[in-house]
Amino acid sequence: MDPESGAVTFEAALSEDELAEDSTSDTWWRNHTFNGYSPTGTAKAPAVYANDGRPEDFGALEDAGVKVQGKVVIVRYGECFRGLKAMNAQNRGAVATLIYSDPEDDGYVKGAVWPE
């Protein structure tokens, strides 16, 4: 969301596209895009990157004067349990947490990706 105009600049899909050439892309499991015990809803707010979502990452943001309260927090998978990432953001007043796989850790940087 653009903080000045309020316009939505990105809206995440809740599932990946089905691919005709990949029979595993259309399974019951592919739509489980949630974190257990997390509420359903839509969050519209500016985003803040919080590295791995650990307490020390939020501490570094605080030390730098970056506010998390009222923001969508973006964090990478790894280093701690994903539920703790969401809890750490929530405890600091974030309205949502997006967790993603960094290609540096889990993607093309590690080698060939689908379909190769």
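Positions are given from 1 along the sequence.
- For Q69, the CD atom is loosely surrounded, since the number of other residues' heavy atoms within 6.0 Å does not exceed 12.
- For the pair A45 and G70, the tightest heavy-atom approach, listed with the atom from each and the gap, is CB-O, 3.2 Å.
- Residues passing the side chain to side chain contact (heavy atoms under 4.5 Å, CB included) test with A60, sequence neighbours excluded: none.
- The shortest heavy-atom contact between V68 and A89 is CG1-O, 4.4 Å.
- Between N51 and V75 there is no side-chain heavy-atom pair separated by less than 4.5 Å.
- Atom CZ in F10 sits 15.5 Å away from atom CG in D2 (nearest 0.5 Å).
- Scanning all heavy atoms of the two residues, the minimum distance from G53 to F58 falls at O-CE1, 3.4 Å.
- In terms of modelled atom types and a separation under 3.5 Å, the side chain of D57 and the main chain of R54 share a donor-acceptor contact.
- Cluster partners of V95 are Y49, V72, I74, L98, Y100, counting Ile, Leu, Val, Met, Phe, Trp and Tyr whose side-chain heavy atoms approach within less than 4.5 Å, directly or via other members.
- One finds the CZ atom of R92 at 8.0 Å from the CE atom of M87 (value rounded to the nearest 0.5 Å).
- Among residue pairs with one or both ends in residues 60-77, those qualifying as salt bridge (Lys or Arg N to Asp or Glu O under 4.0 Å) are D52-R76, R76-D102, R76-D105; sequence neighbours excluded.
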